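Please read these numbers as outputs of a predicted model, since none were measured by experiment.
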Amino acid sequence: MSDRYTTPLGERYASKEMQYIFSPDKKFKTWRKLWIALAESEKELGLNVTQEQIDELKANAEDINYDVAKAKEKEVRHDVMAHVHAYGQQCPKAKGIIHWGATSCYVGDNTDIILMTEGLKLIRKKLLNVMNELAKFADKYKSLPTLGFTHFQPAQPTTVGKRATLWLMELKLDLDDVDYMINHMMLLGCKGTTGTQASFLELFEGDHEKVKELDKKIAEKMGYDKYFPVSGQTYSRKMDTRVLNVLSGIAASAHKFSNDIRLLQHLKEIEEPFEKNQIGSSAMAYKRNPMRSERIASLSRYVMTVNMNPAITSATQWFERTLDDSANKRISVPEAFLAVDGILDLYMNVVDGLVVYDKVITKRLMSELPFMATENIMMDAVKKGGDRQELHERIRQLSMQAGANVKERGLDNNLLELIAADPVFNLSVEELEETMDPAKYVGRSPEQVEEFLNDVINPILEENKDELGLKAEINV
């Protein structure tokens, strides 16, 4: 609708897959799966639940009567009880055992964990696909020399591919964090109003082993091998903090990449994709603004700040629970996932279409290379009988002179001509130009790229090859 606010994360940035994970339909269907798991587990542990009741619950698990639930929630002001009522209306035989012994957090908190786990798995898939595209780019340009920068000042040359491995290394660390979190996600289980499981101890007539087994059975039925051994009414909100810290780390990595691309596009060395009919500016028709990289940076900043919410929530929970987490969680957690989903789609799209202007790259490098080559030039002059200390001072003076020509007079770098004209070096222009092969100054950059890809990245991609092959679609 155009007459009310809709989040741009849904309209412009996040994929349909991620939006569905955090949709009401996914949430409420998961609630019903949890009620079925509870009923099945209670039956298996000897409570008076029949197979007929379970079959009835399963038959109606996907067909949610939203109109009934909405009307009931307006009446009772409680979303869980409204859906218990709606489910019970569809399942008259099972009505009495739905949510038996449980609190609202049984469906609410367990569902939150399940949705975050599924969100992390989708993030992981997209992360792997970005890494795959970056690996191909790094390999293609592993030997193309380019000017390196420290403090955004000209420094020792590297290669275009080696620079790409820096972006790739950060994503590899992010993948490690994602895998760690996926492997350590825990359901709340069935803990009761203050986490003591008192209601279930009553149901099972004081049988502690059956109460413990109930937690285990529910977790297994929902596909988990871990559940919180202790909790208050809710799972520890530190879990949300840990998850969003991982998402924030991905956002930081993407932001660094987007900054580098924006700087490189300013230098006209590498550009993000620019479509045939794309308009870069409403006023300046010639412009090719790096809007995709800028959007990565913009969304990344949002994620890096929204991750403060679960940290504050975790810090301010009182005793066994307070409800000041609820409204915050409903916004901050899904939106962090949706934003990172959009970031990775943009990242994938940009890397897949990067345009490399090798002649501009070489021209800039060659304009600075004489300064980088001075140590080699000095060594050659020493071999011809020169004094190392005298040569060092003289080359310093000539470098300053050449720098002044570039900065103060707008001339080309004439350091080689100045050195050739100075008899103390005893080197001709031809001899000096032989030192101007950029490949001599990139160190082990090509080899580092090959080793990194072969030893670290390619094994990961091979192990996850079934996850590869995504193509990102972006809006606007």
Salt bridge (Lys or Arg N to Asp or Glu O under 4.0 Å): which pairs involve residues 388-397, sequence neighbours left out?
Glu393-Arg396, Arg394-Asp422
What I want to find out is whether Asp109 reaches Arg237 closely enough, with some N-O distance under 4.0 Å, to be called a salt bridge.
yes
Sorted by chain and number, sequence neighbours left out, side chain to side chain contact (heavy atoms under 4.5 Å, CB included) with Lys440 holds for Asp437
Considering residues at least two apart in sequence or located in another chain, which fulfil the side chain to side chain donor-acceptor pair (under 3.5 Å) criterion with Asn405?
Arg409, Asn414
Residues forming a salt bridge (Lys or Arg N to Asp or Glu O under 4.0 Å) with Asp25, sequence neighbours excluded
Lys29
Set of residues satisfying ring pair (Phe, Tyr, Trp, His ring centres under 6.0 Å) with respect to His151, sequence neighbours excluded:
none
Can you name the residues that form a side chain to side chain donor-acceptor pair (under 3.5 Å) with Glu118, not counting sequence neighbours?
Lys26
Report all side-chain donor-acceptor pairs from residues 154-163 shorter than 3.5 Å, counting only partners two or more places apart or in another chain.
unit_1: Thr159; atom_1: OG1; unit_2: Lys142; atom_2: O; d: 2.9
unit_1: Thr159; atom_1: OG1; unit_2: Lys162; atom_2: N; d: 3.0
unit_1: Lys162; atom_1: NZ; unit_2: Gln448; atom_2: OE1; d: 2.6
unit_1: Arg163; atom_1: NH2; unit_2: Leu147; atom_2: O; d: 3.0

Modelled atom types, side-chain donor and acceptor of Asn376 and Thr435, under 3.5 Å
no
By side chain to side chain contact (heavy atoms under 4.5 Å, CB included), which residues pair with Asn65, not counting sequence neighbours?
Arg32, Asp67, Val68, Ala86, Gln89, Gln90
Report all side-chain donor-acceptor pairs from residues 377-386 shorter than 3.5 Å, counting only partners two or more places apart or in another chain.
unit_1: Lys384; atom_1: NZ; unit_2: Asn426; atom_2: O; d: 3.3
unit_1: Lys384; atom_1: NZ; unit_2: Glu431; atom_2: OE1; d: 3.2
unit_1: Lys384; atom_1: NZ; unit_2: Glu431; atom_2: OE2; d: 2.7

With sequence neighbours excluded, tell me which residues meet side chain to side chain donor-acceptor pair (under 3.5 Å) with Asp79.
Arg330
Which atom pairs, one a donor and one an acceptor, fall under 3.5 Å between side chains of residues 296-309 and the rest of the protein, sequence neighbours left out?
unit_1: Ser300; atom_1: OG; unit_2: Ala251; atom_2: O; d: 3.1
unit_1: Ser300; atom_1: OG; unit_2: Ile296; atom_2: O; d: 2.7
unit_1: Tyr302; atom_1: OH; unit_2: Glu335; atom_2: OE1; d: 2.5
unit_1: Thr305; atom_1: OG1; unit_2: Arg301; atom_2: O; d: 3.2
unit_1: Thr305; atom_1: OG1; unit_2: Tyr302; atom_2: O; d: 2.8
unit_1: Asn307; atom_1: ND2; unit_2: Asn245; atom_2: OD1; d: 2.9
unit_1: Asn309; atom_1: OD1; unit_2: Asn328; atom_2: ND2; d: 2.9
unit_1: Asn309; atom_1: ND2; unit_2: Val306; atom_2: O; d: 3.2

Does some side-chain heavy atom of Met18 sit less than 4.5 Å from a side-chain heavy atom of Phe22?
yes
Taking the side chain as every heavy atom from C-beta outward, state whether Tyr224 and Ile113 have any pair of such atoms under 4.5 Å apart.
yes
Holding to side chain to side chain donor-acceptor pair (under 3.5 Å), I want the full list of residues that pass it with Lys329, two or more places apart in sequence or in another chain.
Asp112, Tyr235, Asp240
Please identify which of these residues, Met116, Arg124, Arg242, meets the side chain to side chain contact (heavy atoms under 4.5 Å, CB included) condition with Met181.
Arg242
Indicate whether any N or O donor in one side chain lies under 3.5 Å from an N or O acceptor in the other, for Asn349 and Glu473.
no
Stepwise, does the side-chain contact (heavy atoms from CB on, under 4.5 Å) test hold for Ile250 with Val178?
CA-CA 9 Å; Ile250 296 171; Val178 169; 3.9 Å; yes
Test Asp341 against every option in Lys126, Lys16, Arg12 by the salt bridge (Lys or Arg N to Asp or Glu O under 4.0 Å) rule and name the one that passes.
Lys126
